[in-house]
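Below: one structure, written as structure tokens.
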Amino acid sequence: MTPITEVEGRRLALSNLDKVLYADSGFTKGEVLHYYATAAGALLPHLRDRPVSFLRFPDGPDGQRFFAKNVPPGTPTWVRTAEVRRSDGVSRQIVVQDLATLMWAANLVTEFHTPQWRTDAPGLADRLVLDLDPGPPASVVEACEAALWLRERLVADGFAVYVKTSGSKGLHLLASLRPTPSEDVTAYAKGLAVAAEQALPRLVVHRMTRALRPGKVFVDFSQNAAAKTTATPYTLRARAEPTVSTPVTWAEVEACRERRDPGLLVFLATDVGARLERYGDLLGPLLDPERGGVLPPPG
């Protein structure tokens with residue numbers, strides 16, 4: 001019998017709580033839901049007012065994985081949705097505004113991915129993101145070196161820069177923007193990626209071509225496009241272990257580079273609570289529109 005739980009006055013059927021999703025560690029679906037409940041205070045502000053794309057893995061990371069953007073059948077009527085224009089027409093997507101919606105969505109077993117714009121201003125980015133993806137044998141250590149160079153460039157352009165692990169192999173750099181057309185942000189981010197490759201040719205590549213990427217860090221600027229999304233801060237990832245896309249300090253990035261230890265920037269769901277107690281939300285400043293930066297003039 002599926003247990004019924006009440007969350008903020010909403011009745012939720014939370015199913016298969018004992019099901020092991022992460023086989024290597026025995027991490028269960030119930031533990032996934034517990035993680036999201038405890039991280040909600042930090043996660044929800046980064047989800048709020050952004051249409052969510054789900055990367056679902058209902059049988060764990062070793063099972064089927066699939067992206068889902070449309071509102072799934074059986075969605076409760078109280079879950080907020082928003083109209084989103086795509087290249088193939090108009091659709092509706094989930095917007096996670098509160099704890100009840102978060103727990104309902106987490107029960108689907110999913111990663112959360114969001115765009116750099118909000119539903120009230122589609123195509124106007126309020127965040128810039130650079131996804132640093134190391135190609136083996138490179139690791140997050142090399143991504144740290146690239147991140148520190150890019151941070152200097154962004155700071156020189158007037159931005160405060162924040163960083164989180166991807167929860168997979170690399171890092172995400174983020175900066176707050178005053179609402180700016182996504183195509184302009186993408187062009188600026190591409191310029192940064194090209195400059196990084198020119199300055200660090202043995203370390204960085206800005207093109208997605210697979211043949212160019214072994215041993216280098218791919219600086220993916222394309223996630224600034226209006227149609228693209230990025231793993232939301234604090235989302236669990238569909239990896240062998242229950243890793244989380246976790247905000248980190250720049251001191252931690254420097255330590256990983258200096259000690260050349262990728263394990264320093266791997267964080268599991270069980271690590272996040274203590275980090276939130278110690279640091280709070282390291283990405284909190286991104287939520288303040290008054291901190292938004294302005295792109296420098298082209299050229």
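Of the possible donor and acceptor atoms, none in the side chain of Asp288 sits under 3.5 Å from a partner among the backbone N and O of Pro285. With hydrogens and angles disregarded, a donor-acceptor distance shorter than 3.5 Å links the side chain of Glu31 to the backbone of Thr28. Without hydrogens or angle criteria, Arg275 side chain to Pro247 main chain gives a donor-acceptor distance under 3.5 Å. A donor-acceptor pair under 3.5 Å is absent between the side-chain atoms of Thr75 and the main chain of Pro73, judged by distance alone. Distance alone, capped at 3.5 Å, is enough to place a donor-acceptor pair between the Glu252 side chain and the Thr249 backbone. Side chain of Arg65 to backbone of Phe57: no donor-acceptor contact under 3.5 angstrom is found. The main-chain N or O of Val96 is never found under 3.5 Å from a side-chain atom of Thr101 such that the two would form a donor-acceptor pair.
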- request: Given side-chain contact (heavy atoms from CB on, under 4.5 Å), test Arg10 with Glu6 step by step and report yes or no.
  value: CA-CA 5 Å; Arg10 306 294 190 183; Glu6 186 169 300; over 6 Å; no
task: For the pair Val90 and Val84, evaluate side-chain contact (heavy atoms from CB on, under 4.5 Å) and give the outcome as yes or no after the intermediate values.
output: CA-CA 6 Å; Val90 177; Val84 177; over 6 Å; no
field: Stepwise salt bridge (Lys or Arg N to Asp or Glu O under 4.0 Å) check, Asp126 with Arg178
entry: CA-CA 6 Å; Asp126 64 354; Arg178 295 184 186 176; over 6 Å; no
- request: Kindly determine whether Ser176 and Arg127 satisfy side chain to side chain donor-acceptor pair (under 3.5 Å), including the steps that lead there.
  value: CA-CA 5 Å; Ser176 179; Arg127 290 184 181 181; over 6 Å; no
message: The test is side chain to side chain donor-acceptor pair (under 3.5 Å); show your working for Asn107 and Lys29 and say whether it passes.
response: CA-CA 8 Å; Asn107 189 59; Lys29 184 177 178 183; 3.1 Å; yes
Candidate pair Trp149 and Leu203, rule side-chain contact (heavy atoms from CB on, under 4.5 Å), full reasoning: CA-CA 11 Å; Trp149 188 92; Leu203 179 70; over 6 Å; no
query: Could you go step by step and tell me if Leu47 and Phe112 meet the side-chain contact (heavy atoms from CB on, under 4.5 Å) rule?
result: CA-CA 8 Å; Leu47 289 168; Phe112 294 90; 4.0 Å; yes
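When side chains are defined from C-beta on, Leu43 counts as touching Thr232, because their heavy atoms get closer than 4.5 Å. Using a 4.5 Å heavy-atom threshold, the side chains of Phe27 and Val20 count as separate. For the pair Leu282/Tyr162, no side-chain contact is recorded, criterion being any heavy-atom separation below 4.5 Å from C-beta on. Within the 4.5 Å cutoff, the side chain of Leu236 has heavy atoms near those of the Val32 side chain. Looking at heavy atoms from C-beta onward, Val248 lies in side-chain contact with Phe267 at the 4.5 angstrom threshold. Between Cys144 and Leu265 there is a side-chain heavy-atom pair separated by less than 4.5 Å. Between Thr165 and Val266 the shortest side-chain heavy-atom distance does not fall below 4.5 Å. Side-chain contact check for Thr180 versus Trp117: every heavy-atom pair is 4.5 Å or farther apart.
In the hydrophobic clustering of this structure, Val219 groups with Phe159; members are Ile, Leu, Val, Met, Phe, Trp, Tyr whose side-chain heavy atoms approach within less than 4.5 Å, directly or through other members. Hydrophobic clustering, with ILVMFWY side chains joined whenever heavy atoms are under 4.5 angstrom apart, keeps Val129 apart from Leu154. Tracing side-chain contacts under 4.5 Å through hydrophobic residues (I, L, V, M, F, W, Y), one never reaches Leu128 starting from Val194; they form parts of separate clusters. A single hydrophobic cluster is not seen to contain both Leu174 and Val163; linkage of ILVMFWY side chains at heavy-atom distances under 4.5 Å, directly or through other members, places them apart. Each of Leu171 and Val244 belongs to its own hydrophobic cluster when Ile, Leu, Val, Met, Phe, Trp and Tyr are linked at side-chain heavy-atom distances under 4.5 angstrom.
Side-chain N/O atoms of Thr114 and Arg50 include no donor and acceptor closer than 3.5 Å. Asn224 and Tyr188 are not linked by any side-chain donor-acceptor pair at a separation below 3.5 angstrom, with hydrogens and angles left out of the test. Using modelled atom types and a 3.5 Å distance limit, the side chains of Gln116 and Ser182 yield no donor-acceptor pair. Side-chain contact annotation: Lys164 with Ser245, donor-acceptor N/O pair under 3.5 Å present. Side-chain atoms of Thr235 and Glu111 form no donor-acceptor pair, as typed in the model, at a separation below 3.5 Å. A side-chain donor-acceptor contact under 3.5 Å links Asp281 and His46.
Of all heavy-atom pairs spanning Ala82 and Thr119, the tightest one is CB-CG2, 3.7 Å. A pairwise comparison of heavy atoms in Ala42 and Leu276 identifies CB-CD2, 3.7 Å as the closest pair. Of all the heavy atoms in Pro51 and Gln93, the pair that sits closest is CB-NE2, 3.7 Å. Closest approach of Lys19 and Pro58 over heavy atoms only: NZ-O, 3.1 Å. Asp184 and Leu295 get closest at one heavy-atom pair: O-CD1, 3.6 Å. Among all heavy-atom pairs drawn from Ala231 and Arg237, the shortest one is CB-NH1, 3.6 Å.
We find that Asp98 and Arg48 are not joined by a salt bridge, their nearest charged nitrogen and carboxylate oxygen being 4.0 Å or further apart. Of the charged side-chain nitrogens involved, at least one lies within less than 4.0 Å of a carboxylate oxygen, so that Asp49 and Arg80 count as a salt-bridged pair. A salt bridge does not link Asp220 to Lys228: none of the charged side-chain nitrogens sits closer than 4.0 Å to a carboxylate oxygen. Under 4.0 Å is where a charged nitrogen must lie from a carboxylate oxygen, and between Asp133 and Lys169 at least one such pair does. Using a cutoff of 4.0 Å between basic side-chain nitrogens and carboxylate oxygens, Glu145 and Arg257 are not scored as salt-bridged.
Surrounding CZ of Arg92 are more than 12 heavy atoms belonging to other residues, nucleotides or ligands, all under 6.0 Å away. Atom CD of Glu290 has 12 or fewer neighbouring heavy atoms from other residues, nucleotides or ligands inside a 6.0 Å radius.
Interatomic distance, CZ of Arg56 versus OG1 of Thr110, reported as 7.0 Å (0.5 Å rounding). To the nearest 0.5 Å, atom CZ of residue Arg11 and atom CH2 of residue Trp78 are 12.0 Å apart. Atom-to-atom distance recorded for Leu102:CG and Ile94:CD1 is 12.5 Å, nearest 0.5 angstrom. Taking CG of Asp59 as the reference point, atom CG of Leu21 lies at 8.0 Å (rounded to 0.5 Å). Between the CG atom of Leu148 and the CZ atom of Arg151 there is a distance of 7.0 Å, given to the nearest 0.5 Å. Between atom CG of residue Leu99 and atom OH of residue Tyr36 there is a gap of 13.0 Å, rounded to the nearest 0.5 Å.
Partners of Phe67 by side chain to side chain contact (heavy atoms under 4.5 Å, CB included), not counting sequence neighbours, listed by chain and number: Ser53, Leu55, His113. A search for side chain to side chain contact (heavy atoms under 4.5 Å, CB included) contacts involving Lys216 returns Val205, not counting sequence neighbours. Applying the side chain to side chain contact (heavy atoms under 4.5 Å, CB included) rule to Ser139 yields the partners Val141, Glu142, Pro262; only residues at least two apart in sequence or on another chain are considered.
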